[in-house]
Amino acid sequence: MTGQLNINAAPKWLLWVGILFLLWNLMGIGAFASQWSMSADDIGKLPPDQRDLWLAMPGWAWAAYAIGVVVGTLGAIGLLLRKWWAPLAFALSLIAVLVQFSYPFLFAQQAQGDMAMLAFPIFIVVMAIIQWQLSRAWQRKGWLA
């Protein structure tokens, strides 16, 4: 390749991956909205460890959660539009996810050592890494402009 971008050379499956990434991130926005709007009664119905973790979650973790899902969604939209900034958005989303989950991983006694409680957050971190790394690879191939 001569250094010029040829976004038309992108494979058709890139669209489908972009749609999957968008759906994944929209589910994240839905989860955030659902969790943010939980009533006291809903919180009271959670298992004790989850309830305690929920009630102790600091504002910075909530902010990181919101930033992670919104910026991840923007990254997926950027990928669908084949924009150069999609990997940047995914990188920022990954940073926000890491900040968000630093609370249960590092600070919350309820979650430490409980792999069942940490399994889904680990999966979310892995998904954020995959989105970032794949979008970077596709950018290097010239599929994003």
Side-chain angles (χ1 to χ4, degrees), residues 5 7-145:
L5 296 178
I7 64 169
N8 295 325
K12 294 187 187 319
W13 54 259
L14 184 65
L15 171 67
W16 295 108
V17 173
I19 290 169
L20 288 174
F21 285 177
L22 180 60
L23 291 173
W24 169 255
N25 283 283
L26 288 173
M27 287 189 315
I29 287 177
F32 174 83
S34 173
Q35 291 171 356
W36 181 259
S37 63
M38 283 179 73
S39 68
D41 188 47
D42 293 333
I43 295 169
K45 292 177 185 174
L46 293 172
D49 286 350
Q50 288 181 9
R51 182 190 62 237
D52 295 345
L53 186 63
W54 178 266
L55 292 172
M57 192 161 144
W60 56 264
W62 280 107
Y65 187 1
I67 291 167
V69 296
V70 169
V71 176
T73 301
L74 292 175
I77 291 168
L79 185 63
L80 286 169
L81 297 174
R82 296 199 220 161
K83 296 297 184 183
W84 65 269
W85 47 262
L88 177 61
F90 284 131
L92 294 173
S93 177
L94 171 59
I95 291 167
V97 165
L98 291 171
V99 169
Q100 171 197 352
F101 289 127
S102 69
Y103 171 68
F105 285 125
L106 300 176
F107 303 116
Q109 289 299 110
Q110 300 92 330
Q112 290 176 351
D114 184 353
M115 282 311 293
M117 190 179 257
L118 297 178
F120 196 61
I122 290 169
F123 180 73
I124 292 169
V125 170
V126 169
M127 283 298 297
I129 292 169
I130 289 170
Q131 291 177 121
W132 173 54
Q133 287 296 308
L134 286 177
S135 65
R136 285 183 61 217
W138 298 334
Q139 185 180 52
R140 287 191 298 270
K141 290 183 179 202
W143 298 346
L144 308 178

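Starting from 1, each residue takes its place in the sequence as its number. All of these numbers come straight from a predicted model, not from anything done at the bench.
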*Please test Trp54 against Tyr65 for ring pair (Phe, Tyr, Trp, His ring centres under 6.0 Å), starting from the C-alpha separation and ending with a verdict.*
CA-CA 13 Å; Trp54 178 266; Tyr65 187 1; 8.4 Å; no
*Output, in order, the C-alpha distance, side-chain angles, deciding distance and verdict of side chain to side chain contact (heavy atoms under 4.5 Å, CB included) for Thr73 and Leu22.*
CA-CA 6 Å; Thr73 301; Leu22 180 60; 3.9 Å; yes
*Does the pair Leu23 and Met27 meet the rule for a side chain to side chain contact (heavy atoms under 4.5 Å, CB included), with working shown?*
CA-CA 6 Å; Leu23 291 173; Met27 287 189 315; 5.6 Å; no
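Ala76 and Gly18 make their closest contact through CB-O, 4.3 Å (heavy atoms, listed as atom of the first residue, atom of the second, distance). Across Ser102 and Val99, no two heavy atoms sit closer than the pair OG-O, 2.6 Å. The shortest heavy-atom contact between Val125 and Leu98 is CG1-CD2, 3.9 Å. Across all non-hydrogen atoms, the minimal contact from Ala86 to Leu144 is CB-CD1, 4.4 Å. Among all heavy-atom pairs drawn from Met38 and Leu46, the shortest one is CE-CD1, 4.0 Å. When all heavy atoms of Gln100 and Ala64 are compared, the closest pair comes out as N-CB, 3.6 Å.
Ring planes of Trp138 and Phe21: parallel class, angle under 30° (limits at 30 and 60°).
Ser135 places a side-chain N or O within 3.5 Å of a backbone atom of Gln131 that can act as its donor or acceptor partner. For Ser93 (side chain) and Phe90 (main-chain N/O), no donor-acceptor pair under 3.5 Å exists by modelled atom type. A donor-acceptor pair under 3.5 Å links the side-chain atoms of Gln139 to the main chain of Trp84, judged by distance alone. Formation of a donor-acceptor pair under 3.5 Å by the Tyr103 side chain with backbone atoms of Ala56 is found in this model.
The CG atom of Leu79 sits 9.5 Å away from atom CG of Leu15, with the distance rounded to the nearest 0.5 Å. Taking CD1 of Ile124 as the start and CH2 of Trp24 as the end, the distance is 5.5 Å to the nearest 0.5 Å. Residue Ile77 holds its CD1 atom at 7.0 Å from CG of Leu26, rounded to the nearest 0.5 Å. From Leu74, atom CG reaches atom NZ of Lys83 across 13.5 Å, with rounding to the nearest 0.5 Å.
Within a 6.0 Å radius of CH2 in Trp16, no more than 12 heavy atoms belonging to other residues, nucleotides or ligands are found.
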